[in-house]
J.: 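The following block contains the structure, expressed as structure tokens.
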Amino acid sequence: MSYRHGGYRRRNYRDDYDDRRREVIETPEDRLKTAIIKFGEVDALEELPRLEKQIRDHEPSDIPLISEAFRISVTEQPYKIPFYTALLRNLYNTPDPAQSDAPVLGRLILEDFWRGFQGYLDKVAWRETRLCIQFFAHLTVAGLISPESMISLLQSFVAVLDEFGVSHGRAKKAALSAGEGLIIAGSVLKAHSPSSVIDMIAAIHTYSDSTTNAKWLVALNSKVSNTVVIPETANEVLDSLLTALDTLNEGDFSGTADCIPQPYLRGTADETAISKYELPSVLVPPEIIEVEGITSEAGSEAQIKKEEWPEYYFRIFTSEVSPDPTTPAGYIIRSALIDTIDIFEINRKESARLLLEYPKWNLSGTFKPKPGSTVEHEPIPDKDWQLESTVLEASSTILGAYLVLPESSQKSIYYISLITELCKLSPSTVGPAVGKSIRKLYSTLSESLDVEVARRFAEWFAVHMSNFGFQWVWKEWVPDLALAPQHPKRAFTRRVVEFEVRLAYHERIFKTLPPQMQEPEAFVIAEQGPAPAFEYEDPSHPHHEAAQSVLNLFRGRANAENVIAHLDTLKSQLEGSDDGHTNIDSLVRSIAVQSLLNIGSRSFSHLLNGIERYLALLRNLASGGVSSAGGYGNSEAKNDILTAAATFWRHNKQMVGIVFDKLMQYQIVDPTDVIGWTFLNGSVVEGELRGGREAGSPLSLSAFEWDLLKAALDKANGRVVIARRKIATLRKEDDDARAKAKASQEMEVDGDAKPAEEQNEVENPALETALKASESLVREQKAALSRTLEGFISCLAPSAGGSNPNPCARTIIGEEAWQNRDSWGRDEWNAWETWGWYRQCVRVYAPYLRKYTNTLETVAFARFEGVNDPTADLMKKLWHIATGQE
């Protein structure tokens with residue numbers, strides 16, 4: 001025992017020694033870099049002289065190291081930029097007058113910093129570039145950079161707006177870079193050259209005015225109208241910037257000091273003794289496009305880039321509670337907070353901490369002090385805002401970034417978890433702000449809030465409730481049960497409850513609701529949980545025995561051939577007893593698919609194992625006949641398979657989406673099949689909880705059906721992307737192989753090898769196969785997009801003959817109809833929601849629609865020729881805006 005114990009101790013000693021050997025020793029350079037990056041964590045003004053001395057005393061002076069620390073700090077901690085300006089300003093001073101001829105340390109750092117900025121510009125790293133411009137603007141106010149060179153730098157970004165065919169994303173980022181530089185340095189720049197400043201602001205105005213139609217398409221507004229109307233509660237980023245610039249410009253930018261800290265102006269150094277740095281001239285390089293290679297209509301290689309739209313942020317609170325983002329102070333605060341959220345996306349806890357500490361980097365008195373704070377507080381007139389409300393407000397930060405249309409810049413889970421972290425850090429202050437935000441957003445559901453925004457709101461609300469025990473005052477919304485079941489508020493409540501059930505279980509959520517919402521007539525929550533619904537389980541069902549025989553084969557793990565043979569026999573038996581009113585093929589497919597899903601209903605692994613084990617059976621069913629051994633598929637048969645799956649999981653919409661996705665993944669059905677089924681049969685699942693869709697009711701789409709539609713389109717588009725990437729890889733490998741062969745040929749000296757030209761003629765079989773597969777997938781992609789447009793037209797627009805299958809789609813168009821929405825019933829609200837999903841479809845898939853504009857417009861919109869109808873006009877208007885024709 002003592003030997004073993006001693007051995008254990010020796011092993012521990014050796015491990016400790018290894019740990020010490022691996023310990024990282026911090027060098028003086030590392031300590032200096034860390035000190036610069038962590039500057040101001042306690043009190044920036046007090047730390048300033050100490051850090052300046054530490055930089056000066058470092059020997060030998062390492063300019064690249066110090067400059068790199070500045071670049072990291074400026075681009076990753078933008079809220080500290082004014083204080084780094086003050087630090088660099090101090091480093092411009094000469095501590096020893098006897099060394100006045102020595103190189104100025106601050107100037108050397110700035111020159112190296114510029115080289116780093118040039119690197120950001122060359123890579124078109126827009127955020128880093130914009131933040132560096134903010135730093136240069138502060139340095140201009142501090143007297144370290146000449147106004148002429150700063151104006152020239154900003155003009156180079158404004159020139160981007162005049163580029164031919166400039167994308168909105170590129171123009172918006174260039175305009176923000178120039179505009180924010182003007183906000184900070186406008187007082188100095190206008191004093192030097194008023195005309196230059198006025199011309200730059202006018203150029204941004206001109207570009208912004210040219211994007212009116214695009215703004216209308218993403219303005220958080222679901223009013224069904226041909227008139228371009230922007231809701232008052234929405235603020236667009238460029239418009240907010242321009243309003244703030246105009247306000248400052250009217251006072252010659254004298255108001256900048258009232259909204260931006262300028263600690264670098266507190267010094268007593270003589271500015272005339274400073275040799276101002278001349279920023280070199282720059283030219284903004286072309287955009288680096290992250291592409292998805294696809295084959296164009298002409299068969300050539302083309303590039304598709306994610307479409308960028310104007311950014312609208314929803315405003316929740318009044319100007320007394322949080323800053324108006326159209327004011328200079330409000331715009332600066334929103335920009336700083338959004339940058340913090342985006343930069344610290346990798347660490348939500350750090351992001352939440354920094355957001356709540358933001359007041360320390362702003363002017364004292366801008367925000368109310370925390371409850372119980374002993375710090376002296378002198379509120380600034382017209383400010384003294386609530387920090388938590390500002391951080392949460394849609395117009396300022398998290399909710400606004402989360403609800404941006406058509407897609408948010410970060411994944412939704414980040415914004416949701418960030419709000420949760422804020423609640424944990426300061427529950428007494430953030431909690432009430434969250435409650436106010438929820439109530440405000442809920443109240444706007446009946447004020448034309450976009451359907452996609454409402455869907456994301458429901459998702460966030462449900463997840464947030466799951467983090468805090470599902471506690472909410474539902475009784476506040478009980479009076480809204482008097483509204484039509486399809487009203488946006490009623491639809492929102494159903495979606496929230498559905499999401500909550502997914503995150504917990506039915507009985508728990510059921511108990512959290514007031515009795516009025518528990519009633520089946522309320523259409524809020526089902527009486528039973530989301531369990532499978534095997535249609536043939538009841539012994540009294542006429543086909544119970546037939547289904548049991550198939551079910552027993554699956555339970556016994558019979559091979560696919562035996563099941564197919566049994567289905568052939570079953571089909572013959574059913575045909576013999578049929579009264580002529582039943583489609584036997586559809587019945588057999590339904591029995592087979594539902595029986596298989598019943599086996600797989602125990603868990604996801606059971607589902608996947610069942611599908612993989614019986615792929616041959618499913619493909620046989622999809623081929624158009626239970627006795628057929630192959631074929632390319634049959635649309636009726638695939639529709640039967642989808643209907644059977646949806647019927648089986650009609651009480652669990654999440655599982656419908658999962659099963660459909662697996663059927664597409666294993667190529668049992670195509671995305672086009674799912675899209676066609678969704679438009680015609682989605683009510684099989686949705687009807688129970690939204691008041692049903694009676695026979696003969698107009699076709700319409702809900703959020704559930706949109707999810708199915710989006711999954712199918714994403715599948716079709718994603719397959720093309722993967723195929724094109726594979727082709728690019730194979731071509732590169734092929735080119736490398738040919739290059740090696742050619743090099744080998746040139747090195748041959750005996751002349752026995754084949755000529756290089758002969759080798760180049762040999763085709764790569766794998767590449768040929770990949771090209772053919774890509775062509776097939778592109779056809780499938782076009783078919784999916786075309787079927788989607790045709791589906792929306794069938795729901796909303798008149799047919800070629802002039803008859804309208806959905807009269808409500810016409811009658812709800814226009815401001816007058818919207819003002820009378822209190823009288824709308826089921827069909828009107830269903831049509832309104834369908835219009836909303838059509839808007840979301842054309843804006844989110846705009847890059848693909850633009851690539852195939854000619855084909856899709858010919859196929860889908862040919863029926864509009866000669867038709868004079870408001871529904872046709874509105875559909876074409878939305879289409880033309882999305883495809884860049886308006």
Side-chain angles (χ1 to χ4, degrees), residues 167 289-307 406-407 619 622-623 631-635 638-639 642 660-679 708-735 763-793 840-862 879 882-885:
S167 68
I289 301 177
E290 295 182 5
V291 302
E292 298 175 356
I294 67 168
T295 302
S296 69
E297 293 179 323
S300 60
E301 295 302 317
Q303 295 178 338
I304 274 192
K305 169 181 187 295
K306 184 177 179 180
E307 187 70 21
E407 294 178 306
R619 287 173 180 153
S623 66
Y632 294 97
N634 179 285
S635 58
K638 293 179 179 179
N639 188 72
L642 293 171
F660 279 19
D661 178 74
K662 295 307 173 185
L663 292 175
M664 287 189 290
Q665 178 182 334
Y666 289 106
Q667 298 183 340
I668 307 303
V669 298
D670 300 325
T672 309
D673 300 315
V674 174
I675 293 168
W677 182 93
T678 300
F679 280 106
L708 295 181
L709 197 66
K710 187 175 185 298
L713 287 172
D714 289 344
K715 185 74 71 176
N717 296 331
R719 284 175 176 172
V720 171
V721 173
I722 293 172
R724 300 312 299 160
R725 287 175 181 167
K726 183 177 181 181
I727 289 174
T729 302
L730 289 173
R731 279 182 172 159
K732 185 178 183 305
E733 293 175 354
D734 201 41
D735 291 343
E763 294 295 335
N764 185 342
L767 180 58
E768 289 184 2
T769 302
L771 286 169
K772 291 179 181 178
S774 178
E775 291 175 2
S776 174
L777 291 173
V778 167
R779 287 194 297 271
E780 179 184 276
Q781 182 189 41
K782 288 183 185 179
L785 293 169
S786 177
R787 183 66 186 87
T788 300
L789 291 175
E790 290 174 356
F792 276 112
I793 290 172
Q840 174 66 1
C841 181
V842 295
R843 63 194 173 204
V844 78
Y845 294 109
Y848 304 99
L849 300 177
R850 289 187 179 191
K851 176 50 63 179
Y852 303 131
T853 296
N854 295 333
T855 298
L856 296 176
E857 192 157 1
T858 301
V859 173
F861 291 95
W879 164 264
T883 55
Q885 301 177 63

J.: Looking only at non-hydrogen atoms, find the nearest pair between R719 and P671 and report the distance.
T.: NH1-CD, 3.7 Å
J.: Who passes salt bridge (Lys or Arg N to Asp or Glu O under 4.0 Å) against K715, sequence neighbours left out?
T.: D661
J.: K710: what forms a salt bridge (Lys or Arg N to Asp or Glu O under 4.0 Å) with it, not counting sequence neighbours?
T.: D714
J.: Of all residues at least two apart in sequence or in a different chain, which pass the side chain to side chain contact (heavy atoms under 4.5 Å, CB included) check with A711?
T.: none
J.: Report yes or no: does R850 contribute a side-chain atom to a donor-acceptor pair with the main-chain N or O of A882 at less than 3.5 Å?
T.: yes
J.: Who are the side chain to side chain contact (heavy atoms under 4.5 Å, CB included) partners of A773, not counting sequence neighbours?
T.: none
J.: Return the set of residues passing side chain to side chain donor-acceptor pair (under 3.5 Å) with Q885 (not counting sequence neighbours), or none when no residue passes.
T.: E857, T883
J.: If you compare all heavy atoms of V778 against all heavy atoms of Y852, which two are closest, and at what distance to 0.1 Å?
T.: CG1-OH, 3.6 Å
J.: In chain order, what residues pass the salt bridge (Lys or Arg N to Asp or Glu O under 4.0 Å) check against K732, with sequence neighbours excluded?
T.: D736
J.: Answer yes or no: is there a side-chain heavy-atom contact under 4.5 Å between V669 and W677?
T.: no
J.: Return the set of residues passing side chain to side chain contact (heavy atoms under 4.5 Å, CB included) with A723 (not counting sequence neighbours), or none when no residue passes.
T.: S774, L777
J.: Could you please spell out the steps behind the side chain to side chain contact (heavy atoms under 4.5 Å, CB included) verdict for R779 and S776?
T.: CA-CA 5 Å; R779 287 194 297 271; S776 174; 3.7 Å; yes
J.: Does any part of the side chain of K782, heavy atoms only, come nearer than 4.5 Å to the side chain of L785, both counted from C-beta?
T.: no
J.: Just wondering, do Q781 and K851 contact through their side chains at under 4.5 Å, heavy atoms?
T.: no
J.: Quick one: does any side-chain atom of R619 pair with a main-chain N or O of Y666 as donor and acceptor, under 3.5 Å?
T.: yes
J.: Return each pair, listed once, that meets ring-ring contact (aromatic ring centres under 6.0 Å, His included) where at least one residue sits in residues 766-793; pairs must be two or more places apart or across chains.
T.: F679-F792, F792-Y838
